[in-house]
Amino acid sequence: MAPTIKEIAQKAHVSIATVSRALNNDPRVVEETKNFVIKIADEMNYKPNILARNFVKKKSNIIGLIMPEISDEFFTEIIQGVDEFCFLRGYYTMVVSSHKNRSLTESITTFMGSGLLGGAILLAPTFTKEIKDTLKPYDVPIVLIGAEEFSSKYDVIAIDNYQGSFEITSHLILEKNYKDLAYICGPEDNCDAISRKNGFLDALKMNGIKVNRNWVLPGDFTKQAGSEACRKILRSPKRPQVIVAANDMMALGCYTELREQKLKIPGDMGVVGFDDIFISELMNPGLTTVKVHIGMVGKYAAQTLIGRIEGEGTDKKNSFKIPTELVIRTSA
């Protein structure tokens, strides 16, 4: 059975109040006594009851991270970025995600309605009216990740998707002399995907290249979607010189399909992605892509949220974009 504060007090020969103050770093406890109590607590393998402590303080140090279905390392890096910063500030992170049996709004309702959270970070593919209405009843601080449109009610941390997509497309045209470019989109209702597609199309327009609509194909950010879109592109009467995928997982799907067709990358067709997930560097050839500092996204979201919880800054809500950078390898 886990030890209690009372048992620690008995072993340390101090009062229960002194143990409680020592474990909470109360300045009224002299340093020698505090260190002795902490030593006894460690020896007894004492673990604080976080819920009980929050109840007494009437303040929660639990951060809720609400996400879509966790499908690749993009999401795990977000979690890591949030959790690392929260830990340094004395907060705990709880993660919940949607999946085939639970929608994002159901996850929000279940998690936010628990009464456990001091604040929440929501990674929303798009900030729909349904999500807005679901969040309305809750008065804890909330930070949004990924909803690029500015919300006057919430702080927003977003990736500069448009600029990254515009820059990599311009690089292919101006530095690599590609004129025939195909594009595999992300989900139609996803803010990141919409901005990345717009960046691609505007780069073509700015450089005087006509869009071939047969080479702009739907996708959903999965490897399978990349394979299927690549297969359709290869069936075109005329093939493009390079495929720009809206994320690295779909680019990986293109690699798989091109290899099955015995085509060389980039000799027969170039491929580029977006995100610079860990596997991008290990692919053969190395994938040219747009680096998103994913961990930084999580860190800034956590920093912003804890600032709100602790009353730092102004009442004005912030909309902050994380910059991207090109990573030039050998796939295009």
Side-chain angles (χ1 to χ4, degrees), residues 20 24-26 48-70 75 78-99 101-159 189-192 296-322:
S20 178
N24 284 284
N25 201 27
D26 192 312
N49 186 323
I50 297 169
L51 296 182
R53 179 180 291 182
N54 288 339
F55 181 77
V56 171
K57 290 185 174 182
K58 297 182 180 178
K59 179 183 176 182
S60 174
N61 65 341
I62 299 175
I63 299 299
L65 177 54
I66 306 169
M67 312 180 77
E69 184 172 4
I70 300 171
F75 296 101
I78 292 281
I79 295 170
Q80 184 176 358
V82 170
D83 189 54
E84 285 181 354
F85 188 85
C86 287
F87 178 79
L88 292 175
R89 293 288 293 266
Y91 286 77
Y92 296 86
T93 308
M94 292 179 65
V95 181
V96 66
S97 71
S98 59
H99 45 68
N101 296 317
R102 180 173 60 205
S103 69
L104 192 57
T105 52
E106 287 172 331
S107 296
I108 294 169
T109 301
T110 302
F111 214 17
M112 299 290 287
S114 67
L116 297 174
L117 306 181
I121 297 169
L122 171 62
L123 199 162
T126 184
F127 197 42
T128 63
K129 183 180 184 301
E130 184 181 15
I131 290 176
K132 291 177 185 177
D133 291 342
T134 304
L135 291 175
K136 275 181 183 178
Y138 307 109
D139 59 1
V140 298
I142 296 169
V143 172
L144 306 179
I145 292 178
E148 285 196 61
E149 65 269 32
F150 180 76
S151 168
S152 60
K153 188 174 180 181
Y154 305 107
D155 295 299
V156 178
I157 310 296
I159 299 161
D189 61 350
N190 183 290
C191 293
D192 292 343
M296 190 184 294
V297 175
K299 175 188 172 183
Y300 270 93
Q303 184 177 19
T304 302
L305 181 64
I306 291 172
R308 290 293 178 197
I309 293 171
E310 298 185 352
E312 300 170 359
T314 65
D315 290 337
K316 183 181 178 182
K317 303 304 179 184
N318 299 306
S319 181
F320 186 77
K321 285 194 175 181
I322 304 292

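Along the sequence shown, residues are numbered consecutively beginning with 1. Note that the structure is a prediction, hence the values are computed from the model and not measured.
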Answer yes or no: is there a side-chain heavy-atom contact under 4.5 Å between Phe75 and Ser97?
no
Ile145 vs Ile78, test: side-chain contact (heavy atoms from CB on, under 4.5 Å). Steps then yes/no.
CA-CA 10 Å; Ile145 292 178; Ile78 292 281; 4.2 Å; yes
For the student: nearest non-hydrogen atoms of Lys299 and Phe85, plus distance
CG-CD1, 4.0 Å
What salt bridge (charged side-chain N to carboxylate O under 4.0 Å, His left out) pairs are there with at least one residue in residues 85-98, not counting sequence neighbours?
Arg89-Glu310, Arg89-Glu312
Student check: side-chain heavy atoms of Val156 and Phe320 closer than 4.5 Å
no
Just so I know, are the side chains of Leu144 and Asp155 near enough to count as touching, which here means a heavy-atom distance under 4.5 Å?
no
Exactly one of Val143, Ile121, Leu123 clears side chain to side chain contact (heavy atoms under 4.5 Å, CB included) with Ile157, and that residue is Val143
Non-hydrogen atoms of Cys86 and Thr93 that approach each other most closely
CB-OG1, 3.6 Å
When you compare the side chain of Asp83 with that of Tyr92, does any pair of heavy atoms fall below 4.5 Å?
no
For Phe87, is the CZ atom crowded, meaning more than 12 foreign heavy atoms sit under 6.0 Å from it?
no
Report yes or no: does Asn61 contribute a side-chain atom to a donor-acceptor pair with the main-chain N or O of Gly118 at less than 3.5 Å?
no
Hey, are the side chains of Ile306 and Tyr91 touching, using non-hydrogen atoms and a 4.5 Å cut-off?
yes
Quick check: closest heavy atoms across Ile131 and Ala124, and the distance to 0.1 Å?
CD1-CB, 4.2 Å
Using a 4.5 Å cut-off on heavy atoms from C-beta on, say whether the side chain of Ile142 contacts that of Arg308.
no
Ring pair (Phe, Tyr, Trp, His ring centres under 6.0 Å) involving Tyr138 - partner list, sequence neighbours excluded
none
Flag the pair Leu122 / Leu135 as yes when at least one side-chain heavy-atom distance between them is below 4.5 Å, and no otherwise.
yes
So how far is it from Thr105 OG1 to Glu130 CD, rounded to the nearest 0.5 Å?
4.0 Å
Any side-chain heavy atom of Met67 sitting closer than 4.5 Å to one from Val95?
yes
